[in-house]
Amino acid sequence: MSDRLSALLQRFELRARVFYSGALCGIANFDGGAGIGHLHLVRRGPLGVTDSLGRHSVVSEPSVLFFPRDGAHRLDGGEREGADVVCASIDFGAGDENPLLRGLPALLSVSLAESPGLDLAQQLLFSEAQASRCGHGAVVDRLTEVLVIQLLRHAMAHQMVDGGVMAGLADPRLAKTISALHADPARTWNLDAMAGLAGMSRARFAAHFTRTVGIPPGDYLTGWRLGLARTLLRKGLAVKQVAAEVGYASPGAFGRVFLQRIGSTPTDWQQSDAAAGP
């Protein structure tokens, strides 16, 4: 099977920034609103966790807590020894344009005992986080990015997500088609081509895709193309070039779909996004 995550990660840049490492005593509030997610690596608990809906849990064993989308949450390390944690911001560089983020739950929590790969990565991360060697900051950030990728891999392998693109990538037949859509959005895709890659009839493929991913294959393809288009427009590419990159025969055809789905023309959206700044 082809690499199911690489095309997604190549199109939407993953960046991590570790901003805290050590004993967490008392309460730390994460208010959201910055457009980024958070990863908390717990080496020693207990650590109280409250999500944006007010649901509370206690993490007592080494674990990875991943809040993939921007959302308020609270950590409580207690008043005595405190929990031993590494906290990082996670930015995929595309907000809700990335189908990966839309398909993940608000909180993905995995015990390190469940995944040897995660455990090895966290050992390296904690070792580097406690050191002050040359390049320390860059190393801990890169190790955190590795940990995020391994966490996504673990979630797919253990079918921890029951909808969205992650569920589709966890399905051996659908993964072939979805990976191809991600890798080559400019191809002239139709239902026959997509179903053929999955080794299914048109009707069975369309029904299975919709049931698993949550939307029909054509709608997913359009959403993927427009997400990429906004990323490319944000980089300053011309509308004509973006249209060709994401699979539209002409800027006019691209503009009509963009206007229908996004609510403005590509040019107006690009100008508005540039004016808004980072």
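Below, each value reflects all heavy atoms present in this structure, side chains not excepted, and no hydrogens, waters or symmetry copies.
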Fill in: Side-chain donor or acceptor of Arg69 paired with backbone N/O of Ile36 under 3.5 Å
no

Practice prompt. Go through Val161 and Met156 one step at a time and tell me if the side chain to side chain contact (heavy atoms under 4.5 Å, CB included) criterion holds.
Written response: CA-CA 7 Å; Val161 181; Met156 285 195 303; over 6 Å; no

Discussion item. I'd like to know if the side chain of Trp224 reaches the main chain of Leu181, judged simply by a donor and an acceptor atom lying under 3.5 Å from each other, with no hydrogens or angles considered.
Written reply: yes

Practice prompt. Can you measure from CZ (Phe209) to CE (Met200) and round to the nearest 0.5 angstrom?
Written response: 11.0 Å

Item to complete: Could you grab the distance from atom CG of Leu151 to atom CG of Leu112, nearest 0.5 Å is fine?
Response: 9.5 Å

Practice prompt. May I ask you to decide if the ring planes of Phe254 and Phe258 are parallel, tilted or perpendicular, using 30° and 60° as cut-offs?
Written response: perpendicular

Discussion item. What I'd like to find out is whether the side chain of Leu233 reaches to under 4.5 Å of the side chain of Asp273, using heavy atoms alone.
Written reply: no

Worksheet item: Given the rule in the side chain to side chain contact (heavy atoms under 4.5 Å, CB included) test, do Leu39 and Val86 qualify, once you have shown the distances and angles that lead to the verdict?
Response: CA-CA 8 Å; Leu39 181 139; Val86 171; over 6 Å; no

Discussion item. Within the 4.5 Å heavy-atom criterion, are Leu191 and Pro217 side-chain neighbours or not?
Written reply: yes

Response to the item:
Taking every heavy atom of Pro251 against every heavy atom of Ala243, the minimum-distance pair comes out as CA-CB, 4.0 Å

Practice prompt. Heavy atoms only: give me the nearest Arg15-Glu145 pair and the separation to one decimal.
Written response: CA-OE2, 3.4 Å

Worksheet item: If you group Ile, Leu, Val, Met, Phe, Trp and Tyr whenever their side-chain heavy atoms sit less than 4.5 Å apart, what else falls in with Val146?
Response: none

Worksheet item: What do the steps show when you test Leu169 against Leu174 for side chain to side chain contact (heavy atoms under 4.5 Å, CB included), and what is the final call?
Response: CA-CA 6 Å; Leu169 289 172; Leu174 296 183; over 6 Å; no

Worksheet item: In the hydrophobic clustering (ILVMFWY, side-chain contacts below 4.5 Å, transitive), which residues join Leu65, or is it alone?
Response: Phe19, Tyr20, Leu24, Phe30, Val42, Leu47, Val49, Val59, Phe67, Leu75, Val85, Leu107

Worksheet item: Under a 4.5 Å cut-off applied to non-hydrogen side-chain atoms, are Leu152 and Met166 in contact?
Response: yes

Worksheet entry | Ser63 side chain vs Glu61 backbone, donor-acceptor pair below 3.5 Å | yes

Practice prompt. I would like to know whether Asp141 and Arg17 meet salt bridge (Lys or Arg N to Asp or Glu O under 4.0 Å); could you show each step before the answer?
Written response: CA-CA 5 Å; Asp141 289 347; Arg17 184 182 67 83; over 6 Å; no

Item to complete: Answer yes or no: is there a side-chain heavy-atom contact under 4.5 Å between Ile178 and Tyr220?
Response: yes

Item to complete: Please indicate whether Arg44 has more than 12 foreign heavy atoms, meaning atoms of other residues, nucleotides or ligands, lying under 6.0 Å from its CZ.
Response: yes

Discussion item. To the nearest 0.5 Å, what is the distance between CD1 on Ile27 and CG on Asp76?
Written reply: 4.5 Å

Fill in: Sidechain-backbone polar pair: His208 side chain, Arg204 backbone, donor-acceptor under 3.5 Å
no

Practice prompt. Considering non-hydrogen atoms only, spot the tightest contact between Pro105 and Pro68 and give its length.
Written response: O-CG, 3.2 Å

Response to the item:
dist Arg43:CZ -> Ser21:OG (nearest 0.5 Å) comes out at 9.0 Å

Worksheet item: Nearest heavy-atom pair of Leu104 and Leu108: which atoms, and what distance?
Response: CD2-CD2, 4.5 Å

Fill in: pair Val110-Met160: side-chain heavy atoms closer than 4.5 Å
yes

Fill in: Atom pair OG (Ser179) and CG (Leu197), whose distance is rounded to the nearest 0.5 Å
10.0 Å

Discussion item. With a 4.5 Å cut-off on side-chain heavy atoms, are Ile90 and Thr144 touching?
Written reply: yes

Worksheet entry | Heavy-atom donor-acceptor pair, Trp189 side chain to Gly247 backbone, under 3.5 Å | no

Item to complete: For the residue pair Phe66 and His38, establish whether any side-chain heavy-atom pair is separated by less than 4.5 Å.
Response: no

Worksheet item: Quick one: CG on Leu259 to CH2 on Trp269, what's the gap to the nearest 0.5 Å?
Response: 14.5 Å

Worksheet item: Between the side chains of His56 and Thr50, is a donor N or O closer than 3.5 angstrom to an acceptor N or O?
Response: yes

Practice prompt. Verify, without hydrogens or angle tests, whether Asn29 (side chain) and Asp31 (backbone) share a donor-acceptor contact under 3.5 angstrom.
Written response: no

Item to complete: Decide side chain to side chain donor-acceptor pair (under 3.5 Å) for Asp219 and Thr222; before the verdict, give the C-alpha distance in whole Å, the side-chain angles of both, and the deciding distance to 0.1 Å.
Response: CA-CA 5 Å; Asp219 287 349; Thr222 298; 5.4 Å; no

Practice prompt. Please report the shortest heavy-atom distance between Asp51 and His73, naming the atom on each side.
Written response: CA-CB, 4.2 Å

Discussion item. Side chain to side chain contact (heavy atoms under 4.5 Å, CB included), that's the test. Do Gln270 and Val242 meet it? Break it down for me.
Written reply: CA-CA 11 Å; Gln270 187 177 48; Val242 172; 5.9 Å; no

Item to complete: Determine yes or no for a side-chain-to-main-chain donor-acceptor pair under 3.5 angstrom, with Asp171 supplying the side chain and Ala175 the backbone.
Response: no

Discussion item. Can you confirm whether Val148 sits close enough to Leu14 that some side-chain heavy atom of one is under 4.5 Å from a side-chain heavy atom of the other?
Written reply: yes

Item to complete: Heavy atoms only: give me the nearest Arg187-Ala193 pair and the separation to one decimal.
Response: NH2-CB, 4.0 Å

